[in-house]
Engineer: 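Structure in structure tokens, see below.
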Amino acid sequence: MYICTRTVKVMNRIDVVLGMQWGDEGKGKVVDVLTPRYGTVARFQGGPNAGHTLIFDDRKFVLHTIPSGIFRDGSVNIIGNGVVIDPVILAEEIAKLEAAGVDVRSKLWVAKRAHLILPTHRALDAASEAAKGAAKIGSTLKGIGPTYMDKTGRNGLRVGDILSPQFAERYGALKRKHEGLLAQYKDFAYDIADYERQWMESIEVLRSLKIIEGEIEVNRLLDKGEKMLAEGAQGSMLDVDFGTYPFVTSSSTMCAGVCTGLGVAPRRIGEVYGIFKAYCTRVGSGPFPTELFDEDGQKMRDVGMEYGSTTGRPRRCGWLDMVALKYAVMMNGTTSLIMMKGDVLNDFETIKVCVGYEVGGERVDYFPFETNEQITPIYKEFPGWRADISKVRRWEDFPQELKNYVEFIERETGVPLGIISVGPDREETVIR
Ligand code: GDP
Ligand code: IMO
Ligand code: MG
């Protein structure tokens with residue numbers, strides 16, 4: 001028998017930040033808090049359906065396409081191949097950041113293989129949602145679904161195409177294809193003329209950025225020993241495969257998406273930070289077993305300012321769902337949990353956590369396939385902490401009730417909880 005004794009080179013790994021719920025967990029804030037430890041931040045999926053909020057030095061920014069590392073001096077921020085880009089939204093984001101004195105251009109790289117959202121993709125998104133009526137997904141209407149459809153259907157336009165002399169021709173061909181599809185929606189009227197003009201102008205902005213072979217650069221940086229963080233968008237329960245289909249987004253929001261969305265091998269994945277709110281929110285349609293329709297839900301919305309960062313829509317609010325959280329931990333291989341917005345529950349006498357579901361008279365501990373099933377949550381109750389935790393900066397100083405809540409989550413998931421966020425500001429963070 002021959003046994004190879006050569007040692008395998010220890011690989012520098014990429015760490016990952018992911019939403020464990022239905023999005024808006026606070027990924028932007030966490031990436032901003034973690035970036036001093038990383039030289040590079042890379043988005044690997046989603047597009048301008050995302051809205052990631054960062055608050056520091058009394059300033060607030062909402063990012064849609066640009067990675068949340070952009071504010072840190074000397075950082076590299078990569079928009080990976082798995083992302084879909086609307087040039088108009090990207091150009092607006094850059095202009096806003098530059099107006100606020102942020103140097104974007106020297107820090108932003110865009111992968112050639114990332115797909116472009118065309119004005120007609122947006123129209124198709126709107127037409128499809130309108131045709132669905134009450135069964136609509138509740139899409140952000142940014143053209144995400146139709147763009148990923150063209151990607152997997154092998155019709156898409158990519159960032160690298162804007163460098164080709166045939167770009168106008170390719171754009172025209174895809175636009176005509178979309179016009180044919182739109183014609184089938186008899187009652188749907190649209191006018192993209194203005195947006196298309198802005199889109200063409202914004203293509204010039206995109207052309208002026210550093211356009212890279214994403215997978216080559218990402219692996220080169222990792223091989224050089226660079227510390228890199230992948231920034232997820234949306235959340236696990238919106239994943240196209242494992243979320244509450246069809247009420248999901250059109251990309252792989254889970255850890256696996258990092259591999260295809262940046263071009264890194266599975267064994268290069270390092271820490272997986274799973275972010276969740278101390279309760280739950282969801283925006284758009286679809287099942288949400290712990291949703292509250294009472295004053296507790298309204299209180300979460302009011303105190304947590306639960307209104308969409310991208311669309312301004314009120315977010316649906318409810319108790320923490322352990323079934324969904326454990327599922328997300330399993331699917332992502334989460335190595336460290338991060339709890340956000342505990343401060344929103346400061347004033348609740350009792351806090352509930354869903355520890356199982358009742359479906360068709362039976363108890364289940366997983367999310368059922370059938371989204372029309374009536375799911376009744378089974379709750380465990382915890383006494384609230386009834387104290388303002390927003391000024392706490394050390395684990396030792398938290399009320400015992402909050403420590404009990406955190407330790408319960410750790411026991412149930414089997415994953416340590418390393419960071420607790422107690423307010424929207426960068427500084428309002430407790431690292432254990
Ligand atoms: P993302 O999409 O995951 O980046 O999250 P969003 O930015 O869409 O939504 C999170 C919202 O909660 C933002 O308005 C943040 O400023 C805010 N936020 C983040 N962490 C905390 C926290 O610990 N407490 C409170 N009260 N707000 C927070
Ligand atoms: P971040 O990154 C919350 C939801 C939409 C809708 C469904 C499909 O900020 O957490 P799409 O526009 O992708 O076709 O919409 O997914 N959704 C999000 N919800 N946060 C997001 O992003 C979301 N991106 C999409 O509301 O229900
Ligand atoms: Mg958001």
Side-chain angles (χ1 to χ4, degrees), residues 8 10-23 25-45 52 67-69 80 82 218-219 221-222 225-239 241-243 252-278 280 320-342 353 366 395 403 405-421 429-432:
V8 177
V10 177
M11 271 191 161
N12 179 31
R13 291 166 199 262
I14 179 168
D15 295 342
V16 184
V17 160
L18 296 169
M20 299 271 101
Q21 297 165 323
W22 281 275
E25 296 89 350
K27 298 173 293 291
K29 167 172 172 170
V30 169
V31 173
D32 179 53
V33 166
L34 293 178
T35 38
R37 307 184 195 170
Y38 296 91
T40 305
V41 180
R43 276 276 306 268
F44 59 91
Q45 47 70 233
H52 295 180
S68 300
V218 163
N219 283 286
L221 287 171
L222 284 170
E226 274 287 323
K227 299 290 281 173
M228 196 179 293
L229 185 66
E231 174 179 1
Q234 289 80 56
S236 294
M237 299 311 287
L238 289 171
D239 182 86
D241 281 279
F242 302 109
S252 293
T253 61
M254 294 206 190
C255 192
V258 176
C259 298
T260 53
L262 291 177
V264 295
R267 70 192 184 105
R268 279 213 110 130
I269 303 292
E271 290 292 326
V272 181
Y273 298 103
I275 305 183
F276 68 99
K277 284 179 192 172
C280 257
L320 180 63
D321 186 335
M322 249 0 238
V323 178
L325 184 61
K326 281 157 85 172
Y327 183 68
V329 163
M330 173 180 83
M331 299 301 290
N332 290 305
T334 308
T335 60
S336 178
L337 284 167
I338 299 180
M339 185 171 91
M340 313 300 288
K341 299 190 107 164
V353 178
Y366 57 88
W395 168 255
K403 290 182 182 167
Y405 191 65
V406 166
E407 284 164 2
F408 170 77
I409 294 166
E410 287 185 314
R411 272 197 309 279
E412 282 290 301
T413 56
V415 179
L417 204 155
I419 298 178
I420 296 161
S421 171
T429 310
V430 178
I431 300 181
R432 266 171 101 185

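We number each residue from 1, following the sequence as shown. Every value quoted in this text rests on a predicted model; they were computed, and no experiment measured them.
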Engineer: If every non-hydrogen atom of Ser68 is compared with every non-hydrogen atom of His52, which pair is closest and at what distance?
Structural biologist: OG-CB, 4.0 Å
Engineer: Treating Asp32 as the side-chain partner and Gly69 as the backbone partner, does any N or O pair qualify as donor plus acceptor under 3.5 Å?
Structural biologist: no
Engineer: Applying side-chain hydrogen bond (donor to acceptor under 3.5 Å, both in side chains), can you list everything that pairs with Arg13, at least two apart in sequence or on another chain?
Structural biologist: none
Engineer: Under the ring-ring contact (aromatic ring centres under 6.0 Å, His included) rule, collect the residues that match up with Tyr273, sequence neighbours excluded.
Structural biologist: none
Engineer: Which atom pair, heavy atoms only, marks the closest approach of Leu18 to Thr253?
Structural biologist: CD2-O, 3.5 Å
Engineer: Considering non-hydrogen atoms only, spot the tightest contact between Trp395 and Val430 and give its length.
Structural biologist: N-CG1, 3.6 Å
Engineer: Search all heavy atoms of Met322 against all heavy atoms of Phe408 and return the closest pair with its distance.
Structural biologist: CG-CE2, 4.3 Å
Engineer: Looking only at side chains, do Thr40 and Lys227 share a donor and an acceptor under 3.5 Å apart?
Structural biologist: no
Engineer: If you compare all heavy atoms of Cys255 against all heavy atoms of Ile269, which two are closest, and at what distance to 0.1 Å?
Structural biologist: SG-CG2, 3.7 Å
Engineer: Could you pull out all residues at least two apart from Glu410 that satisfy salt bridge (Lys or Arg N to Asp or Glu O under 4.0 Å)?
Structural biologist: Arg432
Engineer: So, the side chain of Asn332 versus the backbone of Ser236: is there a donor-acceptor pair under 3.5 Å, distance only?
Structural biologist: no
Engineer: Only counting residues at least two apart or in another chain, list the ones meeting side-chain hydrogen bond (donor to acceptor under 3.5 Å, both in side chains) with Lys326.
Structural biologist: Glu412
Engineer: With sequence neighbours left out, what residues match Gln21 under side-chain hydrogen bond (donor to acceptor under 3.5 Å, both in side chains)?
Structural biologist: none
Engineer: Tell me, with the steps shown, if Ser252 and Gln45 meet side chain to side chain donor-acceptor pair (under 3.5 Å).
Structural biologist: CA-CA 7 Å; Ser252 293; Gln45 47 70 233; over 6 Å; no
Engineer: With heavy-atom distances below 4.5 Å as the criterion, would you say the side chains of Tyr405 and Leu320 are in contact?
Structural biologist: yes
Engineer: Mind checking what makes side-chain hydrogen bond (donor to acceptor under 3.5 Å, both in side chains) contact with Lys27, not counting sequence neighbours?
Structural biologist: Glu25
Engineer: Grab the two heavy atoms, one from Gly80 and one from Leu262, that are nearest each other, plus how far apart they are.
Structural biologist: CA-CD2, 3.8 Å
